[in-house]
Structures are given as C-alpha cells and as structure tokens.
Amino acid sequence: MAFLPFTGSSEHPTDRHAPGAAPRPGPVRRAAAELRALAPGLGTAAVAVVLSTSLSRAVPGMSAAVIAVACGVVLTNLGGFHRTLRPGLRFAGRRLLRLAIVLLGLQIALPEVLALGWRALMVIAAATGGTFLATRWIGGRIGVSPRRSLLIATGVSVCGAAAVAAMHEVAGSDDDDVASAISVVVLYGSATIVALPLLARLLGLTPHQFGVWAGASVHEVAQVAAIGAAAGAGVLASAVVVKLARVVLLAPIVALTSVTLRRGTATRPPEAPRTAVTEGGVAGTPGTAGGAATSGDADTSGDAGGPGDTAGAGRRPPVMPLFVTGFLTMMIARSTGLVPAEVTQALPEVTGVLLAAALFGLGTGVNLRELVRGGRSLLLGGVATAVIGVISLLGVVIIG
C-alpha cells in the first residue's frame, strides 16, 4: 500500500492540477460567477431605490433610505424573498453601506460648521452627547436590550437612519434592532415636523434660534430640511448647518463605541452564537425572515467591522472601523477645498441612492412579528426625542 508523502499542506490531492483533475477557474470566470450571484439581489435593490426615491419626492421630510428599509421589510414578510437575492442584498447591506457613509463625509465642510461659533457648538455637543448617554441608560432601566438601546441612542442623537446603520456595523446588533431604531427615528422625527414650528411660535423664538433648535434636535437631515423649507430661508440655513455639525459627531461616537466593545470582548470568554431575544422575552434566531445582512451571517468580505465580527465568538471590533476613517478623510478633503463644486453638488443624490440600497438589504432581514412587540423601544424613542429637544432648547435660549 503506497502512501502519499507529507508536504505540510492541507490541500486534497484531487485539488491539484493533476492529469484528469478539473482546472480551477481563472480570475475572470470567478469574477463573472460572483457578478451572476450578486445580480438578482442588486437588481431588486435597484428597483426598490427607484421606488423609494420617487416616493420621497412626494412625501416631504421622508428620506428614500427610510422608505427603502420599509420596502425590504414588506418584501420579506409578504413572502417575496428568495434565496437567490441573499448574496446581492448582503453586499448592499455591507459594502454599499460603508461606501455611503464614507461619501457622507464629503457633504461636510468644517469651516461652515466652525462658523456657527463656540456657543452653538457647545449646544450641539451637549444635546448630542447628553441624549446618547441618557438614552442608553434609560433603555437599560425600562428593559430594552443594550444593542437596541445603542442604535436608538445613535439614531436620535446624531443623524437618523444613516447613524443607525453605521452603528450597526460595529455593535453586533441584528436586523430587527435596526428596523426598530429606524422606525423610532421616522415616527418621532416626522412628528417634530409638525410640533416644532408650533412650539417655536408659542415660545417666540427668532428664525435663527428656531433654525439652531431644529438642527440640534430633529433626527433626519430630510426632516430638518422640510422644517427649514416650510419656515423660510433664515431658518433653513441655520438648521442645515447645525444638523451637519451633528453629523460630524458620528465618527467619534462610532469609534469610541467600537473601542468600548473591543475592551468588553477582551475581558470575557468566547460566547456561543447568540439568539435574538425580543422585548417580550421570546427568543428567536436573528434574521430568519431573509437574512440579507444578519448578525449571524459570517462576514466573508475580508474587512473587519461587520456585524458578524462582534456578535459572538468573542471577536473584537477594530479600534477605528475603516469606513469611519474614510468618513473623516472625505470630510477633511471637502474642508480643504480639494473637491470640485460639481462633485459636492451631486453627492447628496449619490449618497442617498447608496443608503437606500443598503437599508433595503437590511430591511429584508427583519421579522415583522418580533418587531411589533417592541413597545418599549417606542417608549425609549419618545423619551430620547424629548431629551434632545429639551437640552437643545435650553441651550438655544441661554445663548440667545
């Protein structure tokens, strides 16, 4: 009986290019095969983006990204999800999401933000930081899971759906957590479109004060723009710049959270793969509705920081996720004037399309039955909205 010599390789003998063995496909064929696998999901996401963009133009204050995640939820929970969509939607929910967040940095010019003055910047920092910390603390007191509390805190305190998706990348949360947080952002952010102008009138705020208050407290950029457009140019200019100043805080908040999670995973033993526990105490497997980008999926993209990197197995998120570094780099490039005006004018549309595609992918992983049980998440979102509204209003009144 003959034995094969040991070569130190785990490669099976039939894998080698021996006579009669099937040759491995070349890089062109592999790329073509990957594109074929991605095409159904990306094509479906493209249709959802077109639909979401059209609806967002008809509904003031509603971003295409928010409508897209709702489309993903509807597709899955009405039985329209097919396994052939999974690769493309996972790609959208991870790679396109990170690209969108990087490009978001090109919309922010630091000189415009700094022109607000140190007093306004202090109000923004106090409202954002105070709301973020208070929401996480209150969430723990009323029984909302730490991961869901983290996403709600980020969405309300920073910049809505984009912030939720960015934090999802490092938090190890599942898609039901994402959908719950975005639902909160949409519900209470939409309510502020009606409530804030009425309150500003009753309080006798000047257009500048109203603009700072709206920019410092309203969740979505689209919602801020809707309030400003209805109230006049004086309010709109202040509101949008203040809102962009809050977006700047996305990078440090995500980075600091990633460091905290990294330290936490370093001090505890590896965990078994977790299951999602609803607020009602019922356990289930994350992402069973479609699994486009669930926390239980293995991240095979080769870059750290995906949800699969933190949800189990004791893996630690990177100190600074790569997409956060890209966000900061793009922001610096915009601030130094290296980016042509034509590019910056087109970027909001491009970023909106990428975010819509990414959130549609995340939406297809949502189990709606579990989501509707999240009454305490709605309560937490309402409290968080009240906290950021009160802190920012007090700041506006104090600085005049």
For the CG atom of L38 and the CG atom of L85, what is their distance to the nearest 0.5 Å? 11.5 Å

Counting N and O atoms only, with roles assigned by atom type, does the side chain of T385 sit under 3.5 Å from a partner on the main chain of G381, one being a donor and the other an acceptor? yes

Any donor-acceptor pair under 3.5 Å from S180 side chain to D176 backbone: no

Within the side chain of Q223, is there an N or O that forms a donor-acceptor pair under 3.5 Å with the backbone of I193? no

L51 and V47: side-chain contact (heavy atoms from CB on, under 4.5 Å), yes or no, with the steps? CA-CA 6 Å; L51 175 62; V47 173; 5.6 Å; no

Given 3.5 Å as the limit, does a donor-acceptor pair link the side chain of T53 with the main chain of V50, or not? no

In terms of hydrophobic clustering (I, L, V, M, F, W, Y; side-chain heavy atoms under 4.5 Å; direct or indirect links), are L378 and V194 co-clustered? no

So, S335 side chain and L110 main chain: donor-acceptor pair closer than 3.5 Å or not? yes

I'd like to know if the side chain of T336 reaches the main chain of A333, judged simply by a donor and an acceptor atom lying under 3.5 Å from each other, with no hydrogens or angles considered. yes

How about M167 and I253: do any of their side-chain heavy atoms sit closer than 4.5 Å? yes

Check: V218 main-chain N/O paired with R246 side-chain donor or acceptor under 3.5 Å: yes

Nearest 0.5 Å, please: how far is OG in S157 from CD1 in I124? 13.0 Å

For A68 and A356, work out which heavy atoms get closest and say how close. CB-O, 3.2 Å

Do V396 and M122 share a hydrophobic cluster, counting only Ile, Leu, Val, Met, Phe, Trp and Tyr and linking them when any side-chain heavy atoms are less than 4.5 Å apart? no

Approximate separation, where rounding is to 0.5 Å, of T364 OG1 and N77 CG: 10.0 Å

Spell out, yes or no, whether L249 and V241 are grouped together once hydrophobic residues are joined by side-chain heavy atoms under 4.5 Å, including indirect joins. yes

Given 3.5 Å as the limit, does a donor-acceptor pair link the side chain of T351 with the main chain of P348, or not? no

For E349 and R57, which heavy atoms make the closest approach, and how far apart are they? OE1-NH2, 4.1 Å

With C71 as partner, the option from V74, I67, V69, V73 fulfilling side-chain contact (heavy atoms from CB on, under 4.5 Å) is I67

Answer whether the closest heavy-atom distance between the side chains of S217 and L393 falls below 4.5 Å. no

same_hphob_cluster(V102, I108) at 4.5 Å side-chain heavy-atom cutoff: yes

Test side-chain contact (heavy atoms from CB on, under 4.5 Å) on V242 and W213 and set out the steps. CA-CA 9 Å; V242 170; W213 186 32; over 6 Å; no

Can you tell me if R136 uses its side chain to pair, donor with acceptor, with the backbone of A153 under 3.5 Å? no

Between atom CD1 of I388 and atom OG1 of T128, what is the distance when rounded to the nearest 0.5 Å? 5.0 Å

Taking every heavy atom of A127 against every heavy atom of I391, the minimum-distance pair comes out as CA-CG2, 3.5 Å

Check whether any side-chain heavy atom of V158 lies under 4.5 Å from a side-chain heavy atom of F132, and answer yes or no. no

Nearest 0.5 angstrom please: L104 CG to L244 CG, how far? 8.5 Å

Give the minimum heavy-atom separation between L151 and V164, together with the two atoms involved. O-CG2, 3.6 Å

Keeping S190 on the side-chain end and L187 on the backbone end, is there a donor-acceptor pair under 3.5 Å? no

Go through the steps to decide whether V248 and M331 satisfy the test side-chain contact (heavy atoms from CB on, under 4.5 Å), and finish with yes or no. CA-CA 8 Å; V248 172; M331 187 172 62; 3.9 Å; yes

Counting C-beta onward and ignoring hydrogens, is there a side-chain heavy-atom pair between L103 and V350 closer than 4.5 Å? yes

Please walk me through it: do V254 and F323 pass side-chain contact (heavy atoms from CB on, under 4.5 Å)? CA-CA 10 Å; V254 171; F323 69 91; 4.3 Å; yes

For a quick test of reading the model, state the closest non-hydrogen atom pair linking V185 to H219 and the distance between them. O-CD2, 3.5 Å

Does some side-chain heavy atom of S238 sit less than 4.5 Å from a side-chain heavy atom of F210? no

A134 to V387 - nearest heavy-atom pair and separation: CB-CG1, 4.4 Å

Is it the case that T84 and H82 place a side-chain donor and acceptor less than 3.5 Å from each other? yes

At what distance, to the nearest 0.5 angstrom, does OG of S173 lie from CG of L362? 9.0 Å

Treat each ILVMFWY residue as a node, draw an edge where side-chain heavy atoms are under 4.5 Å apart, and state whether V353 and L89 are in one component. no

